[in-house]
4 protein chains.
Amino acid sequence: MAQNPASTRPDASRRSERSRRAIYEAALALVGEVGYPRTTVEGIAARAGVGKQTIYRWWSSKADVLLEAFLDLSAQAAEQAADGGAEYAIPDTGDLAADLKAVLRATVDELHDPRFEAPARALAAEGVVNEQLGREFVATLLAPQLQLYVRRLRAAQDAGQVRPDVDPRIALELFVSPLAQRWLQRTGPITHAYTDTLVDYALGGLAPR
Amino acid sequence: MAQNPASTRPDASRRSERSRRAIYEAALALVGEVGYPRTTVEGIAARAGVGKQTIYRWWSSKADVLLEAFLDLSAQAAEQAADGGAEYAIPDTGDLAADLKAVLRATVDELHDPRFEAPARALAAEGVVNEQLGREFVATLLAPQLQLYVRRLRAAQDAGQVRPDVDPRIALELFVSPLAQRWLQRTGPITHAYTDTLVDYALGGLAPR
Amino acid sequence: MAQNPASTRPDASRRSERSRRAIYEAALALVGEVGYPRTTVEGIAARAGVGKQTIYRWWSSKADVLLEAFLDLSAQAAEQAADGGAEYAIPDTGDLAADLKAVLRATVDELHDPRFEAPARALAAEGVVNEQLGREFVATLLAPQLQLYVRRLRAAQDAGQVRPDVDPRIALELFVSPLAQRWLQRTGPITHAYTDTLVDYALGGLAPR
Amino acid sequence: MAQNPASTRPDASRRSERSRRAIYEAALALVGEVGYPRTTVEGIAARAGVGKQTIYRWWSSKADVLLEAFLDLSAQAAEQAADGGAEYAIPDTGDLAADLKAVLRATVDELHDPRFEAPARALAAEGVVNEQLGREFVATLLAPQLQLYVRRLRAAQDAGQVRPDVDPRIALELFVSPLAQRWLQRTGPITHAYTDTLVDYALGGLAPR
DNA sequence: AGTTAACCGAGACGGTACGTCGAGTCTTCCT
DNA sequence: AGGAAGACTCGACGTACCGTCTCGGTTAACT
């Protein structure tokens, strides 16, 4: 992400893998322990046993470090989940409501995982205010996730379970965005029951039949 | 908001109204001009022609200053809108869809108003990461707004336009949260057509009848 | 010495005397203990229990700090020597050679005093390479000392003990400069016998009579 | 000078003459252009088109590099002056005063040569504070020069032009040291007239006959 | 002629200090 | 007593160099 512009770019082939990993771990640990604002580049460097310059050589800011660290963490988690199998999609059992509920329940659990909580919040917050990072965050993490819902909804449309004139990209927001907002802004509790309800409301609509 | 703890609390009756207003204006102006992270307490004090201590005497942090300043701004704007009147509600013409669309269109316009944009984003971002401020932000600004939707949806339920078993507090998120997320995370464009579609999808549901 | 140019010069009347003294002491102590090059502004600040900014507010460099600290030390020493009496001159017993030898012997002793040694060397070295500081060093410390010799030599001329066509400002260098060079460049040992010899050679000349 | 201690000393026979010369030139040029303190090992390496390690392999510090570079420069200059010849001495025309004046005038001219000025000052300054380098500087550059004066003065003693009880090593300082101090500490102007006067005072003494 | 060991340019690395900025506290003087 | 002003300690910033450490790539000497 976000490289220093031209000037005298460092030689990536000679980069220390050891330092990179140590920096990721230190950054995630610190954000988890003391929070994002009190996480400092200096602190990350010290904890990683690394010179500050090594951080500044490869990243442009602590937000940038954290973004990559979190990306790496997500990639690892994903790899673990798929167990090398790769396939990455929302299951399609034929029952759209059930499939969505299952995925959203998993998301709820993830949002409660303290390993993800702190860095995810920090990045989301930074992204709200820092457009460049925000777009990167969305493009690399959020958009791919949302795309999975798009695919699943298209399949449902093909199966006649969702009206064909519905735009899946918008439709998915009916159940994804409420969850997102409750998490980001703490406007309400996040439970399995809640996401189940969202799916029911969204698929069935609010008006009486 | 967030007062200094007991110790020797200042005497509010002798507070300078002049300084308070100047600080609000300086804070909002600076956030608009240079962004939240580069807005400093020192900068606010200098711009307001005020000693730093005067800020620290009455607020606990720059986030706190900005929250109050923004509250003040919102109150002013609201007063202007209602023109001294009081009643604050979503119109009820009997056509729920139309009423919601109208209110959401107004919200879309407000979100595009640069006067609101910068401080609102800044506060939202701070709230994501700073729980205390986040709760204050939600309680004083967001929750009252959402309550208006709850009321309107209850009226619709009474009129038989919304299923009686629907929880209005959750239902409103079907059209409010997607807008919120697009704004906060820039996951998509924000237009009148978009919010209209949200209302249609939410009220009608996605499944074919 | 060397003030920051115009810009926003700090208000000297509110300066902390406590910090100033602590900085002087820390600077002199550090130069004595670890040497000039390994004396850092950061180290001085830490030892003095002072913020770095407080040093940079009042001085432009570590050389500048040390110069003032040394000046202060010299002033104290002088005050102590004269015991408030003020009188500051080379004694005039009528015997020029004896008077000069006495003063030079005292100088030799001072040059061997470790309290003076380290900072004096450091300042002299810095002055060799840093013209601005060098001129300040000479003007405030060296020149006044040399002026005392000029006065004594003039008195000797009036008494007919020195040829009237001799320029005292140059003549004094015959015995002062050799001592200075031996000290600065370690070109030879510095003893009372040595300075006595210098006075004899200088007053009597090298050529046989 | 100052070699790395035993350990794995590099093989001097495989040393790159090309690099050595480039480093000398870069070091002298940089000291002349930006001054000693802002001359860095990194800068010398970059300018010489050489790896940093190549410098650290053969020298222990930038002072050491500069000392050798300056020595090399002096050797070249001397070779040029003597035009391949060898004899290095103060002329002996029988007139001691005239001989000394001539040599000192030449020294004055050299001290004004900007090619020598910057590195010589830098080395002298470093030597004041860095005892090891100072002694090296004196031993390799200063002492041999002074020895020439010793020889010339001895010859003068043999010729009966200088009192036999005078120590030539001290006597020479009467006219050499004042010049050195004026140059090092800028305590006064350096002219031919000045050095002529020094010789006259030193040889003749200050006291009336 | 092929191997090998050292120097070489390059530059990433863990560090230390730089000089600056801002935080939050404290003090002074004014209203 | 509040307020304007701003000096204070402290901590972090992002940069510059330090001296060490690989990393290919040439050489030069020795099989």
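Chain letters run A, B, ... following the sequence lines, proteins first and then strands; every chain starts at 1.
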Distance check needed: [N] [atom2] versus [X] [atom1], whole Å only.
X	N	atom1	atom2	result
C:Asp11	F:dA4	CG	C1'	13 Å
A:Ile55	F:dA12	CD1	P	13 Å
D:Ile44	E:dG11	CD1	P	18 Å
D:Glu17	E:dC7	CD	P	16 Å
D:Arg18	F:dA28	CZ	P	13 Å
D:Arg38	F:dA16	CZ	P	12 Å
A:Asp64	F:dG14	CG	C1'	15 Å
C:Arg57	F:dT9	CZ	P	8 Å

**OP:** Answer yes or no: is there a donor N or O on one side and an acceptor on the other, between the side chain of D:Lys62 and the main chain of D:Thr39, under 3.5 Å?
**Re:** yes
**OP:** Would you confirm whether D:Arg47, through its side chain, and D:Ala26, through its main-chain N or O, come within 3.5 Å as a donor-acceptor pair?
**Re:** no
Original post:
When every nucleotide of nucleotides 18-25 of chain F is labelled 5' to 3' by its protein contacts under 4.0 Å (heavy atoms), B for base, S for sugar-phosphate only, - for none, what sequence of letters results?
Top reply: BBBBB---
Original post:
Given F:dC8, E:dC8, E:dG14, which nucleotide is nearest the side-chain atoms of D:Ser16?
Top reply: E:dC8
Residue-phosphate contact under 4.0 Å: [X] side-chain N/O, [N] OP1/OP2:
X	N	value
D:Trp58	E:dC8	yes
A:Ser19	E:dA12	no
D:Thr54	E:dG9	yes

Original post:
What dot-bracket string describes DNA chain E from 5' to 3', counting Watson-Crick and G-U wobble pairs whose defining distances are under 3.5 Å, with [ ] for crossing pairs and | for pairs to another strand?
Top reply: |.|||||||||||||||||||||||||||||
**OP:** For C:Gly51 and for B:Arg15, locate the closest nucleotide of DNA chain F by heavy-atom distance; then report the residue assigned to the nucleotide nearer the 5' terminus.
**Re:** B:Arg15
